[in-house]
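Keep in mind the model is a prediction, meaning the values are calculated, not measured.
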Amino acid sequence: MDKKNMRSANVTIGVERAPMRSLFYAMGYTKEELDRPLIGVVCAHSEIVPGHMHLDKVAEAVKAGIRMAGGTPIEVPAIGVCDGIAMGHVGMKFSLPSRELIADSVETMAQAHQFDGLVLVPNCDKIVPGMLMGALRINIPTVVCSGGPMMSGLVNGEETSLSKMFEAVGARKAGIIDDAGLLEFEENVCPGCGSCSGMYTANSMNCLCEALGIGLPGNGTIPAVHSGRIMLAKHAGMAIMNLVEKDIKARDIVNEKSIKNALACDMALGCSSNSVLHLLAIANEAGIELDLNMFNEMSEKVPNLCHLAPAGDTHMHDLNNAGGIPAVQNELAKMNLLDLSLMTASGKTVGENIEGIMKKNETAIRDVTTPFSKTGGIAILFGNIAKEGCVVKRSAVAKEMLKHEGPARVFDSEEEAIDAIYNGKIVDGDVVVIRYEGPKGGPGMREMLNPTSALAGMKLDKTVALITDGRFSGASRGASIGHVCPEAAMGGEIGLLKEGDIIEINIPEYSINAKVSEEEFAARRAAYVQPEPKAKAGWLKRYAQLVDSSAKGAIMKK
């Protein structure tokens, strides 16, 4: 490779770069290392996120692969919020905003030091899309190498995961289990490192990076504790050197066609509703037009083939054992739902990556002729209280709740709603409405795993719906409808709802409406007083001022 034509030449070559080289020498780099491509290894290792506690080992394997292929790895850090630990208090307000900080930090470190390529080493929720957004922004060769999923836990002889832990809290509040039963869950649902073992947001995004082609085959499903994860990391290090040599950049892989491939996999896998936010934001950084209607168009074409937790009883290691994402892609290829000609980070096309990899069982991956449903796992609903749309993980909704009508129980914060749920004030048929939790109103668009899990734990998930301008964890199940847009803080009709208004939900028809006339809404709007912003200072105040609507992926306004 001709080093003179590389970005890193700006910090390593020429008389005028002698001061820069002296600083590299201060860190122990040799001339031989500086003569090679400089590859940024962006690692989110920390001691506060189970999915990240082992990323130092993954990053070391990536660096080994880079060295084997003739490059010089340079590790730099990234922050990461553990959504489970941040859940249910003010900390969750910082989770989605952290995506923007991560994207900015990747852009900053790569541009300031002129890396020739990037290997991104994230694992959980916002960290995966945040890193990829930053890489797409600067558009240099990039490979995503995630840390892999956690193994499922074992409680009372049954495999389980974090979603069941949150539901156990609701069961304890309802007196269905006792303190000893709660402790059994507490000590056993999360057995070690990795991203929590269901098809929650972290695993959804790791699988979708694989579907996009920016992650190598196995990126989404090889368990964190398997030796295959270390092998994958070494191959990721080798792969980035191939991309640098061939000048294949991030946007050459993440493009309009690969986004459609990812949408198809999203529907087949039954990914987290948060995947909608993140795919919109990723597409925006790649300069691709993507709107909410495209999700429904894809949902009508693509069958739902997987019911991993919280939708079913299988977990990520089951999906991996069944053949992983390549096996799912092969099923979709039978219906011509994928573009198999697209280049991927492996240096091969999608078709070459999945050739001969068929599903090994029907427990985790259904055949396209016998799917869980003929439509995809995500649905976007529209109506008079969601004129710009809202999102539901259809694959995790009980059949009896696909259509529902009931009275609104209106709350202006998550805390108010969870208090009512825990104290038995929500009954069969209700529609819980939680507002002022959107990107601006929250601010930060908190996940509502506590309310949804409490309802599920109390056995109300098949009789009670929940809608919010906030969002839901990938671990939520039931008729949990989030991202209502426009949000209440932006004048959306969800802010005009009153206690007892009848809400009609029809997921098969992609609709959600309140039985309130336009004239009545107009009268309520005339009398409406906008509440004071919740964030008075700090990063969240700036975020609230800059963030766009959830219908656009809660990106920063340009």
Side-chain angles (χ1 to χ4, degrees), residues 1-14 16-27 29 33-45 59 62-63 66 71-80 97-122 126-145 209 212 214 236-237 239-241 243-255 278 281-288 345 539 542-543 546 553 555-558:
M1 287 181 260
D2 186 356
K3 185 66 188 285
K4 291 181 180 179
N5 295 324
M6 292 186 175
R7 284 162 47 94
S8 59
N10 291 325
V11 295
T12 61
I13 293 179
E16 61 278 354
R17 306 305 179 198
M20 292 77 166
R21 291 194 296 273
S22 73
L23 293 167
F24 277 101
Y25 295 147
M27 293 180 280
Y29 290 97
E33 287 175 299
L34 298 188
D35 287 341
R36 296 177 174 185
L38 305 185
I39 307 299
V41 179
V42 187
C43 180
H45 170 253
V62 168
K63 290 190 284 185
I66 292 169
T72 297
I74 300 176
E75 185 175 334
V76 295
I79 64 169
S98 75
R99 187 187 71 183
E100 311 311 312
L101 296 177
I102 293 163
D104 290 350
S105 68
V106 169
E107 178 188 12
T108 298
M109 296 302 283
Q111 293 288 56
H113 305 106
Q114 291 293 284
F115 295 140
D116 297 306
L118 293 171
V119 179
L120 309 176
V121 187
K126 312 314 153 309
I127 300 88
V128 181
M131 284 192 185
L132 182 53
M133 288 162 63
L136 287 166
R137 193 178 297 169
I138 57 177
N139 195 29
I140 62 175
T142 300
V143 177
V144 174
C145 180
C209 281
L212 283 167
I214 201 74
I240 190 61
M241 297 308 299
L243 298 183
V244 169
E245 181 175 7
K246 295 180 178 177
D247 196 30
I248 298 173
K249 297 182 174 70
R251 292 193 197 179
D252 296 326
I253 294 173
V254 179
N255 52 47
H278 299 322
I282 287 166
N284 174 70
E285 295 293 356
I288 298 164
W539 158 230
R542 298 199 307 275
Y543 179 82
L546 295 171
I555 58 176
M556 296 292 96
K557 291 180 179 178
K558 293 186 178 179

- Message: Could you report the tightest heavy-atom contact between Glu33 and Thr72, atom names first, then the distance?
- Response: O-OG1, 2.7 Å

- Message: If the condition is side chain to side chain contact (heavy atoms under 4.5 Å, CB included), which residues does Asn139 pass it with, not counting sequence neighbours?
- Response: Lys249, Ala250, Arg251

- Item | Spacing of Ser8 atom OG and His113 atom NE2 [to the nearest 0.5 Å] | 13.0 Å

- Message: Any heavy-atom pair between the side chains of Pro141 and Ile240 that's under 4.5 Å?
- Response: yes

- Note on the structure: All heavy atoms of Gly130 vs all of Ile102, minimum pair found to be C-CG2, 3.7 Å

- Message: Which residues pass the salt bridge (charged side-chain N to carboxylate O under 4.0 Å, His left out) test with Glu75, not counting sequence neighbours?
- Response: Lys63

- Query: Counting distance only, does the side-chain N/O of Asn5 pair as donor-acceptor with the main-chain N or O of Asp2 below 3.5 Å?
  - Reply: no

- Item | Verdict with supporting geometry, Ile253 and Ile248, side-chain contact (heavy atoms from CB on, under 4.5 Å) | CA-CA 8 Å; Ile253 294 173; Ile248 298 173; 4.1 Å; yes

- Query: Taking all atoms of both residues into account, what is the closest heavy-atom pair of Ala44 and Met131, and its distance?
  - Reply: CB-CE, 3.9 Å

- Task: Using a 4.5 Å cut-off on heavy atoms from C-beta on, say whether the side chain of Ile66 contacts that of Val41.
- Result: yes

- Item | Any donor-acceptor N/O pair, Arg17 side chain to Asn10 backbone, under 3.5 Å | yes

- Task: Report the distance from atom CD of Gln114 to atom CD1 of Ile140, rounding to the nearest 0.5 Å.
- Result: 8.5 Å

- Query: Would a 4.5 Å heavy-atom cut-off, applied to side chains only, mark Met133 and His278 as touching?
  - Reply: no

- Task: Determine yes or no for a side-chain-to-main-chain donor-acceptor pair under 3.5 angstrom, with Asp116 supplying the side chain and Leu38 the backbone.
- Result: yes

- Message: Please enumerate all residues that pass ring-ring contact (aromatic ring centres under 6.0 Å, His included) together with Tyr25, with sequence neighbours excluded.
- Response: none

- Any idea which heavy atoms bring Ala345 and Ala239 closest together, and the distance? O-CB, 3.6 Å

- Task: Evaluate side-chain contact (heavy atoms from CB on, under 4.5 Å) for Phe115 paired with Val244, printing each intermediate quantity in order.
- Result: CA-CA 11 Å; Phe115 295 140; Val244 169; over 6 Å; no

- Message: Using the side chain to side chain donor-acceptor pair (under 3.5 Å) criterion, which residues pair with Glu245? Sequence neighbours excluded.
- Response: none

- Does the side chain of Ile138 come within less than 4.5 Å of Gln111's, by heavy atoms? yes

- Interatomic spacing from CG in Leu136 to CG in Asn255 - rounded to 0.5 Å: 10.5 Å

- Look up atom CD1 in Ile555 and atom CG in Asn284, then write down how far apart they are to the nearest 0.5 Å. 3.5 Å

- Task: Please identify each residue that fulfils side chain to side chain contact (heavy atoms under 4.5 Å, CB included) with Pro97, with sequence neighbours left out.
- Result: Trp539, Leu540, Tyr543

- Looking only at heavy atoms, the pair that brings Ala236 and Val119 closest together is O-CG2, 4.2 Å

- Task: Rounded to the nearest 0.5 Å, what's the gap from CE on Met241 to CZ on Arg36? Could you check?
- Result: 8.5 Å

- Output, in order, the C-alpha distance, side-chain angles, deciding distance and verdict of side-chain contact (heavy atoms from CB on, under 4.5 Å) for Val121 and Val62. CA-CA 9 Å; Val121 187; Val62 168; 4.3 Å; yes

- CD of Glu100 to CZ of Arg542, rounded to nearest 0.5 Å, is 12.5 Å

- Assess whether side-chain contact (heavy atoms from CB on, under 4.5 Å) is satisfied between Cys209 and Leu132, documenting all intermediate values. CA-CA 9 Å; Cys209 281; Leu132 182 53; 4.2 Å; yes

- Query: Considering residues at least two apart in sequence or located in another chain, which fulfil the side chain to side chain contact (heavy atoms under 4.5 Å, CB included) criterion with Ala135?
  - Reply: Leu118, Leu120, Thr142

- Query: Considering residues at least two apart in sequence or located in another chain, which fulfil the side chain to side chain contact (heavy atoms under 4.5 Å, CB included) criterion with Ile13?
  - Reply: Lys3, Lys4, Ala9

- Message: Quick check against the 3.5 Å criterion: does Arg21 have a side-chain atom that pairs as donor or acceptor with the backbone of Leu34?
- Response: no

- Note on the structure: Closest heavy-atom pair, Val106 versus Gly134, reported as atoms and distance to 0.1 Å, is CG1-C, 4.0 Å

- Item | Residue pairs, two or more places apart or on separate chains, that pass salt bridge (charged side-chain N to carboxylate O under 4.0 Å, His left out) and touch residues 134-143 | Asp104-Arg137, Glu107-Arg137, Arg137-Glu285

